4 protein chains.
Amino acid sequence: MARIAGSNGPRTAAQIRRAALKLITRHGYEAMSLRALAADVGIQAASLYNHIKTKQDLLYQIIAEHLDALMQSADVAVAQAGADPVARLRAFIGHHLLYHLDKRQEVFIANFELRALEPANLAKAVAQRRAYEERLIRLIEDGIAQAALKPTDTRIAAYAMLAMLTGACTWFRPDGRLSKAELVQLHTDLILNGCAA
Amino acid sequence: MARIAGSNGPRTAAQIRRAALKLITRHGYEAMSLRALAADVGIQAASLYNHIKTKQDLLYQIIAEHLDALMQSADVAVAQAGADPVARLRAFIGHHLLYHLDKRQEVFIANFELRALEPANLAKAVAQRRAYEERLIRLIEDGIAQAALKPTDTRIAAYAMLAMLTGACTWFRPDGRLSKAELVQLHTDLILNGCAA
Amino acid sequence: MARIAGSNGPRTAAQIRRAALKLITRHGYEAMSLRALAADVGIQAASLYNHIKTKQDLLYQIIAEHLDALMQSADVAVAQAGADPVARLRAFIGHHLLYHLDKRQEVFIANFELRALEPANLAKAVAQRRAYEERLIRLIEDGIAQAALKPTDTRIAAYAMLAMLTGACTWFRPDGRLSKAELVQLHTDLILNGCAA
Amino acid sequence: MARIAGSNGPRTAAQIRRAALKLITRHGYEAMSLRALAADVGIQAASLYNHIKTKQDLLYQIIAEHLDALMQSADVAVAQAGADPVARLRAFIGHHLLYHLDKRQEVFIANFELRALEPANLAKAVAQRRAYEERLIRLIEDGIAQAALKPTDTRIAAYAMLAMLTGACTWFRPDGRLSKAELVQLHTDLILNGCAA
DNA sequence: CATGAATGAGCTTTCATTCAT
DNA sequence: TATGAATGAAAGCTCATTCAT
């Protein structure tokens, strides 16, 4: 029996997506039951299936769409930074950090729930993530080639930066001591100049 | 009916621990069934209960023992480095990275399965981890106080370092391109001096 | 929103009937979901209810209409055979077999899905089938009374014949080795004369 | 919590088999829920899985074991009948009918629930049944070769006999008007000599 | 110390059906 | 006439855990 007049299909789908982000982040994919998800949305568990294909597919959609959006917005941010390699690296760092702080739930899920993906979905997600990492590696390579950055193992440096920046999502609180801008400043400085006096 | 004469209890307990590390790392705590764990060990699920209290307790023991060992060995490593603040920080970084690369499974679990802990266990584990983080924060504060390190937000710097170093466990492969020593060298340099030319 | 202008209701109803015959025969009544039925027709499950009352009613209609048609056409066939008891029995046998071979799906359903009928519907269907069996029993009784058939237990003989003839629907294939006419010939001979030399 | 002292595993397994025969016969495989089966046995649904692999496997075991037993006992019965082809055919008929009347539930299931078998299981069951049918076809061929039976299409004759005999299971009631021996007599006569005067 | 059998709770998913649009 | 969204019930199955043996 439809409870509410008017087409609320898209609204329900959006609510499901939002609730899933919350519950997966909080309890993990395996630990989130569809009953709990439905209850959070305010519908019956069976009704979820008017909006999702399976629980697994719900997870994959969340991850895949996040990785897509991350990649596209990173490309835009770097492109706007011009040609200077350090400026481009700064743009990437700033974008990555801000985007991640904005989408903390998606980030958490895309990083920690990959193992819950079925093999086929996992392969696609890993390929998407790999492509993103390659963007950063290219930036570092360019910086080194133009003598703006010190020679180093570019892949390890990229992984180290990404781990550091992504890690910030784990503990950042919007109402905490530091603003996002300060966070960007601190991390950019740490990455570019290190902590030694 | 005991299959083998003689006490093989401790051996079984160790096998359980080892199998649990493997399966939790691979599939996650929620996704690891005790039946699968028992099968991996070669016993029936019911027999597990001669060696563990509950599934939850098994997880907590793994995490708590790991955090204890990490703390104690870190203290030893730093103490051996003498009094120079940068030398002490280098010792911490090297120890953290090497220890994490050795105990990749325990590290993974202690980082990603905290949310699976019951509140009481979670509180204890978080306190342990917090104490470890404070060790690093003190090192950085000391370095700044002695003008060996640049002034910065010490907590954020500590978190950033830990995230970077711990992240290496995720992708490091023992048979990979780089040795552990190289990894330590690269990360120490990155942390102390940054990547800018 | 109706997709096609103009009334295609009767056509849809016929498609539903046809698809139901196919799917119930193939998978059984319980195993056929209305979603699958609707998909086969090319509409949504909800739209089925513009053409059927319930799933149970759909089944009953199929069975009841089949039993009605069977009875009426049998009566016609026997009446056309004249007065000779053996000729009338031959007519019944031939008609039963040919009709069953033509309506294999309906026959299958009417025989194997009776147990899926609700009590009230079951009672009516059983009564219809019982009446049909009685027709054959009367034919055998007449034959015996006129010394054209050997005395025997008429009910058992009737059941045996019906089982044999109906069974042919199970394995008959229109493109098989034998024609329908040959099948009728073989079965009629077997029933009348047996297989002994 | 084990309710009853002493090992009642095999007993439970047998009860499950018996209850499954009853419920599948009565309602059909699809319509029998494992909860209902467990309730009939007096255990929880989950406990069924200490004795069966899956619902599908339970069905297959019932069918396969029945077909095996049928084949073996038929071979014994025919062998005991000596060399005369008609005596051997009589033995087969008598055995088939009596065995079927004894195992009405298994027979019903093996005939009407084949379509519920998964493809792999279906293939095996069909092969078993085919082998049984071939036994009868050989008997008829032998009879014809020795001029004890009239020439006819042996496969169709075999199918017709089997359908007739198996059909008796559908309506036979142990407390009915006719004894099993009379049933055998009537059917054997009908098959061998037909009903014509 | 290990086991087979049992349990109650819970899982994801499918079902027939309803109803406002 | 057709639809998408909803529902309550129920499905088969797995889970961690218990306990007498």
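Keep in mind it's a predicted model, so treat the numbers as computed, not measured. The figures that follow rest on heavy atoms only: side chains count, while hydrogens, waters and symmetry mates do not. Below, read A as the first sequence line, B as the second, and so on, with proteins coming before strands; counting in each chain starts at 1.
- Remark: Y60(A) pairs with no residue by the ring pair (Phe, Tyr, Trp, His ring centres under 6.0 Å) rule, at least two apart or across chains.
- At a non-hydrogen distance threshold of 4.0 Å, I43(C), Q44(C), A46(C), S47(C) from residues 40-47 of chain C come into contact with DNA chain F.
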Problem set entry | Intermediate values then yes/no, salt bridge (Lys or Arg N to Asp or Glu O under 4.0 Å), E113(A) and R115(B) | CA-CA 13 Å; E113(A) 298 294 356; R115(B) 69 184 164 190; 2.9 Å; yes
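- Remark: E118(B) engages no residue in a side-chain hydrogen bond (donor to acceptor under 3.5 Å, both in side chains) (not counting sequence neighbours).
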For this session: Give the intermediate values and the outcome of side chain to side chain contact (heavy atoms under 4.5 Å, CB included) for residues D57(B) and I52(B).
Result: CA-CA 7 Å; D57(B) 189 66; I52(B) 69 173; 5.8 Å; no
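- The structure places NE2 of H51(A) at 11.0 Å from CZ of R11(A), a figure rounded to the nearest 0.5 Å.
- Under the side-chain hydrogen bond (donor to acceptor under 3.5 Å, both in side chains) criterion, N121(A) pairs with Q56(A), not counting sequence neighbours.
- For R26(D), the side-chain contact (heavy atoms from CB on, under 4.5 Å) criterion is met by K22(D), not counting sequence neighbours.
- In this structure, the side-chain hydrogen bond (donor to acceptor under 3.5 Å, both in side chains) partners of E65(B), at least two apart in sequence or on a different chain, are R17(B).
- Against DNA chain F, the stretch residues 48-56 of chain C makes heavy-atom approaches under 4.0 Å through N50(C), H51(C).
- The number of heavy-atom neighbours closer than 6.0 Å to NZ of K103(A), taken from other residues, nucleotides and ligands shown, is 12 or below.
- Summary for the helix from dA2(E)-dT21(F) to dT21(E)-dA2(F): the axes at its two ends, each from 5 pairs, differ by 10° when rounded to the nearest 10 degrees.
- Look at CG on L37(D): it is 14 Å from C1' on dC13(F), rounded to the nearest Å.
- Among residues two or more places apart in sequence or in another chain, the side-chain contact (heavy atoms from CB on, under 4.5 Å) test is passed with L114(D) by I63(D), L117(D), L122(D), A125(D), R129(D).
- Straight-line distance from the CD atom of Q15(A) to the P atom of dA5(F): 13 Å, rounded to whole Å.
- With sequence neighbours left out, A69(B) forms a side-chain contact (heavy atoms from CB on, under 4.5 Å) with Y99(B).
- The line from NZ of K53(A) to CG of L48(A) is 15.0 Å long, rounded to the nearest 0.5 Å.
- Within a heavy-atom distance below 4.0 Å of DNA chain F, the residues of residues 24-36 of chain B found are M32(B), S33(B), L34(B), R35(B).
- With sequence neighbours excluded, no residue satisfies side-chain hydrogen bond (donor to acceptor under 3.5 Å, both in side chains) with E30(D).
- Within the structure, a side-chain polar atom (N or O) of T12(C) is placed less than 4.0 Å from OP1 or OP2 of dA2(F).
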